[in-house]
Every structure is written in structure tokens, then in C-alpha cells.
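A short worksheet on the structure shown next.
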Number of protein chains: 2
Amino acid sequence: MMESDLTALDAARMCKALGHPARIGILRQLLREERCICGRIVEVLPLAQSTVSQHLKVLKDAGLISGEVEGPRTCYCADRQRLAALAAALSAMLSPCREEQR
Amino acid sequence: MMESDLTALDAARMCKALGHPARIGILRQLLREERCICGRIVEVLPLAQSTVSQHLKVLKDAGLISGEVEGPRTCYCADRQRLAALAAALSAMLSPCREEQR
DNA sequence: ATCACTTATCGTTGAATTACGATAAAAACT
DNA sequence: AGTTTTTATCGTAATTCAACGATAAGTGAT
């Protein structure tokens, strides 16, 4: 047992965070390059730095990415485990015989 | 090959639709009872009929449920295939060796 | 034809989201 | 100390969302 089940609320929070093309793009980029500084993402996306920073915050608050300060910059990483948990939770919704989830 | 790949935009649209606890609840209910009339969902959720109807529309526009009129009522069904496609798309994001998606 | 029932839509309100530029804050360099 | 670099935060405007009650529109029964 992995104890990574999500509550419906947690799943909703994550989905909400993923519910914007820019944030999907950021997550993609983070998965592609493993580690990314904010500025790198700003390079890739057609958005202002402040906007990207806000999107990063949303993703972080949802637990989909982590960011650690490294000197003057902040290095972001995708949380693959959490993303996997979300995918699993959606799949689990489909299986007919599942125990009640909170 | 199943040709059910999602564009990032489509995935974002679906996630956005799932990004509200009420809509997760509606989808759950629909998966539990297979077919549900709008009124049935109104019974289960603590929301006004008009609000539920709106949420149903959002889910339908995202392609996560379908609804067909049956006389005076409308019968809704979860689109398991689409939900599975979303779960698969999220999982696919995690696998390192994947072809470019649009 | 009228009535009851069911659901979608309209109109409205308040709250949240999205985007941006400007600014602040922290670290590294000269 | 001052400058540069990098990022988070603030303030703001425009848009969208969420919720509700009221209403309309459709069907079926009396």
C-alpha cells in the first residue's frame, strides 16, 4: 500500500491547477528538463515574468511542483509522484469496484 | 493505436472542468449510478437546481459527460472513455520517452 | 386546454482569475 | 558600497466563475 490516495478535494485542487494551458505547458517543460529556473520557463512561454511566477505559485500550492531557492534564483521540479497519484485517482474513479473514498 | 490522444489544450479544458469539487462530485455520482437524471443529482448535492444544471453544462462542454433528452427530463452519463483518455494523458506526461504532442 | 413536472436559460451579484508593469528583496559580482 | 541578476509580490484592470432566484420551454397527464 502506498498511501497516496487523494481526497476528492485534493484531486479537484490539482485539476484546477492543471486547468490552464500555460500551467500545462510549464509542467511539461519541467518534466522535459527535469529542473528549471523560473527564467528558463519565461524564455519558453510567451508570458511576462510576473505571470509565470504566479502560475508557478499555483502549481506549487497544488503540490504539483516544488521549488527551492538557490542563491538568487529558484529551481523548480515537477512532483512526478503527485502527478502519478492524480492519474491514478482518475483511473480509480473508473473502476466499478472501489471502496468509498472520502 | 487508439487515436484518443489529447492536445494540451483539450487536457487543460477537461482538467478545468474537473477543477471544482461539485463537478467531481457530479462525475462520481454519474459513475456510481451509470445513468442519472438532473433531478437525481440535485437530490444528492447541496446546490440549487440551476447551479447543478450549469455544472452539468460545463462537464458536457468538456466532453466528460453526455446528456440526452428523454421526454421532459435529461439523462446524463459519464464518458468513461474520455476520462480514461485524460488519465492516460497525464500518465503519458510522466514517461520520459514520448513523442512530441502538439 | 390546463396543470404538474423537469430542466435550461436569463439576469444579477459577489468573488476569483488572469494578465501586466512596477517595485521590492535577496544574492552575487565589481 | 554599488550594480546586476533573478524572482516574488503589489496594485490594477478586464474577464471569467459560481451561486442563486426567476422564468421560459418542453413533455406528459388530467
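Below, each value reflects all heavy atoms present in this structure, side chains not excepted, and no hydrogens, waters or symmetry copies. Each chain gets a letter, A, B and so on, in the order the sequences are listed, and its residues count up from 1.
Side-chain nitrogen and oxygen atoms of A:Lys16 include none within less than 4.0 Å of the OP1 or OP2 phosphate oxygen of D:dC17. Phosphate proximity of D:dA19 to B:His55: present, with a side-chain N or O under 4.0 Å from OP1 or OP2.
Taking the side chain of B:Gln49 as heavy atoms from C-beta on, and the options C:dA19, C:dT7, C:dT17, the nearest nucleotide is C:dT7. Comparing atom distances between the B:His20 side chain and each of D:dA19, C:dC20, D:dT6 picks out D:dA19 as nearest. In the set D:dA8, C:dC20, C:dT9, the nucleotide with an atom closest to the side chain of B:Ser53 is C:dT9. Comparing D:dT6, C:dA8, D:dC20 by their closest approach to the side chain of B:Leu47 singles out D:dC20. Considering only the side chain of A:Ser50, C:dC20 comes nearest among C:dC20, C:dA8, D:dA19.
Residue contacts shown for A:Arg40 are absent, as no nucleic acid heavy atom lies under 4.0 Å away.
The stretch residues 56-74 of chain B touches DNA chain D through B:Gly71, B:Pro72, each having a heavy atom within less than 4.0 Å of the strand.
Rounding to whole angstrom units, CD of residue B:Gln54 and P of D:dT23 are separated by 18 Å. The CD1 atom of A:Ile26 sits 13 Å away from the C1' atom of C:dA19 (whole-angstrom rounding). Between the CZ atom of B:Arg23 and the C1' atom of D:dA18 there is a distance of 9 Å, given to the nearest Å. Taking atom CD on A:Glu43 and atom P on D:dT6, their separation rounds to 10 Å, with Å as the unit. With rounding to whole Å, A:Ile24 atom CD1 is found 13 Å from C:dT18 atom P. As a whole-Å value, the separation of B:Tyr76 OH from C:dT6 P is 15 Å. The distance between atom CD1 of B:Ile37 and atom P of D:dG26, rounded to the nearest whole Å, is 19 Å.
In terms of heavy-atom proximity, A:Ile24 sits nearest to B:Ala12 at CG1-CB, 4.0 Å. Considering every non-hydrogen atom in both A:Gln29 and A:Cys36, the closest pair reads NE2-SG, 3.8 Å. Residues A:Leu90 and B:Ala87 come closest through the heavy atom pair CB-CB, 4.0 Å.
For residues 54-81 of chain B, the set of pairs meeting the ring-ring contact (aromatic ring centres under 6.0 Å, His included) definition, not counting sequence neighbours, comprises B:His20-B:His55.
Under a 3.5 Å cut-off, the side chain of A:Arg23 and the backbone N or O of A:Leu59 do not form any donor-acceptor pair.
Under the 4.0 Å criterion applied to side-chain N and carboxylate O atoms, B:Asp79 and B:Lys60 are not assigned as salt-bridge partners. Remark: B:Glu70 does not engage B:Arg73 in a salt bridge, criterion side-chain N to carboxylate O under 4.0 Å.
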